[in-house]
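Notes follow the structure.
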2 protein chains.
Amino acid sequence: MKRTHLPLNGLRVFDAAARHLSFTRAADELAVTPAAVGQHIRALEDLLGVVLFRRTTRGLELTAEAEAALPSLRLGFSHFEQSVALLQVGQASTVVTISAPASFAARWLAPRLAAYRAQNEGLSLRLFASTGPIDFTQANIDLAILHGPQAPDGQPSHLLQGMRWRPLLRRMCVRR
Amino acid sequence: MKRTHLPLNGLRVFDAAARHLSFTRAADELAVTPAAVGQHIRALEDLLGVVLFRRTTRGLELTAEAEAALPSLRLGFSHFEQSVALLQVGQASTVVTISAPASFAARWLAPRLAAYRAQNEGLSLRLFASTGPIDFTQANIDLAILHGPQAPDGQPSHLLQGMRWRPLLRRMCVRR
DNA sequence: TATGGTTACGGCGAACGTAAGCATT
DNA sequence: AATGCTTACGTTCGCCGTAACCATA
């Protein structure tokens, strides 16, 4: 089946139900009702033309087909989790990415940053030298320092040493 | 991020957009509009707090974070595809699973089946000896042969040699 | 002017919950 | 009775399309 048409949500429900061997407990994990789980599994079985579970009066048993497919499915989820984890590297609260003009970064910021780093064990600072106007949609910047006559489009800025220091929050924060 | 909360559909859109480096072409692949793709990507970026694409006026560029996450994401999809393929083993039109009483299978069916096999190169027949009443929700049976005074719950059946031969189609077929 | 991403808004259908039912222990 | 899957039915909300907008080449 082509990637475009994979029943992703159905597969997730299948994985949960198979791990718990119970629609009820799977529903609990997924924060839905058992009926919703049953509907997903039924839809998946109908779509693929394969019975996934033998329904016994006390719980479930996996069919041979389901058993065969589960290892790959779980590998798939593991890779998805890893992928999202990689996306969120730099999102950990201990990593801050700062953009600043190259000269300012070198002469003013870097020395103070070194001291700050020394005092904050475990805090990771990434420093980017900016070349032009900062666009928070262009990179994953947490904090930008730049200079100019005025802050663009009314974003909050603070005067810093005769320069303007602009704590332009990244979109994640700005948007509640 | 926990498996339960992975934004699966968003990740699929991300994968498509990253492969094409274009929301428009990704939308084409996914059979939706570019607006829908943009909405998914935006939602994913907001959810994860990560910018995935630099929007240039002519197309897209991947951010470093996105670049780092893509290999795992694609591995994940590959495993999902393999998993579904495994589920559908036995669904290929060249594989038919037949359930029949053990004695009937051995004495009547097996010899004829052998001949039929010989005449139909590439057709794979799986034969299951049934022990009790057939329940199509209990296994992945394509065709069941059994005997008794009457077919259960009005499912279509054909008289076969003084026994009742019941072509109880599996759910996939019955339900259009 | 053509291309392509962005935004606002409204409609529709899939997904869900509720509640009742059924089978088994 | 208690557990647990199933089914019917009504509702809701997420996804999508439309259409207008904006920026660049």
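By convention in this document, chain letters (A, B, ...) are assigned in the order of the sequence lines, proteins followed by strands, and residues within each chain are numbered from 1.
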What pairs of nitrogen or oxygen atoms, one from the protein and one from nucleotides 10-14 of chain D, lie under 3.5 Å apart?
none

Distance, rounded to the nearest Å, where Arg25(B) contributes CZ and dT3(C) contributes P: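 Result: 13 Å.
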
Polar side-chain contact Gln39(B)-dG5(C) base: donor and acceptor under 3.5 Å: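 Per atom types, no contact qualifies.
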
Minimum-distance nucleotide to Leu60(A) side chain [options: dT3(D), dA2(C), dC5(D)]: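 When the side chain of Leu60(A) is considered, dC5(D) is the closest of dT3(D), dA2(C), dC5(D).
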
Given dG5(C), dT7(C), dA19(C), the nucleotide with the shortest approach to the side chain of Ser22(B):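 Nearest to the side chain of Ser22(B) among the choices is dG5(C).
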
Sugar-phosphate, base or nothing in reach of Thr24(A), heavy atoms under 4.0 Å: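 Thr24(A): backbone/sugar contact only, no base atoms under 4.0 Å.
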
Touch class at under 4.0 angstrom, heavy-atom based, for Ala36(B) against every strand present: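 The answer is sugar-phosphate, as Ala36(B) gets under 4.0 Å only of primed atoms, P, OP1 or OP2.
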
Any [X] side-chain N or O less than 4.0 Å from OP1/OP2 of [N]:
X	N	answer
Arg58(B)	dA23(D)	no
His40(B)	dC16(D)	yes
Thr57(B)	dT24(D)	no
Arg55(A)	dT6(D)	yes

Bending between helix ends of the helix from dT1(C)-dA25(D) to dT25(C)-dA1(D) [5 pairs per end, 10° resolution]: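 So the angle between the two local helix axes works out to 30°.
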
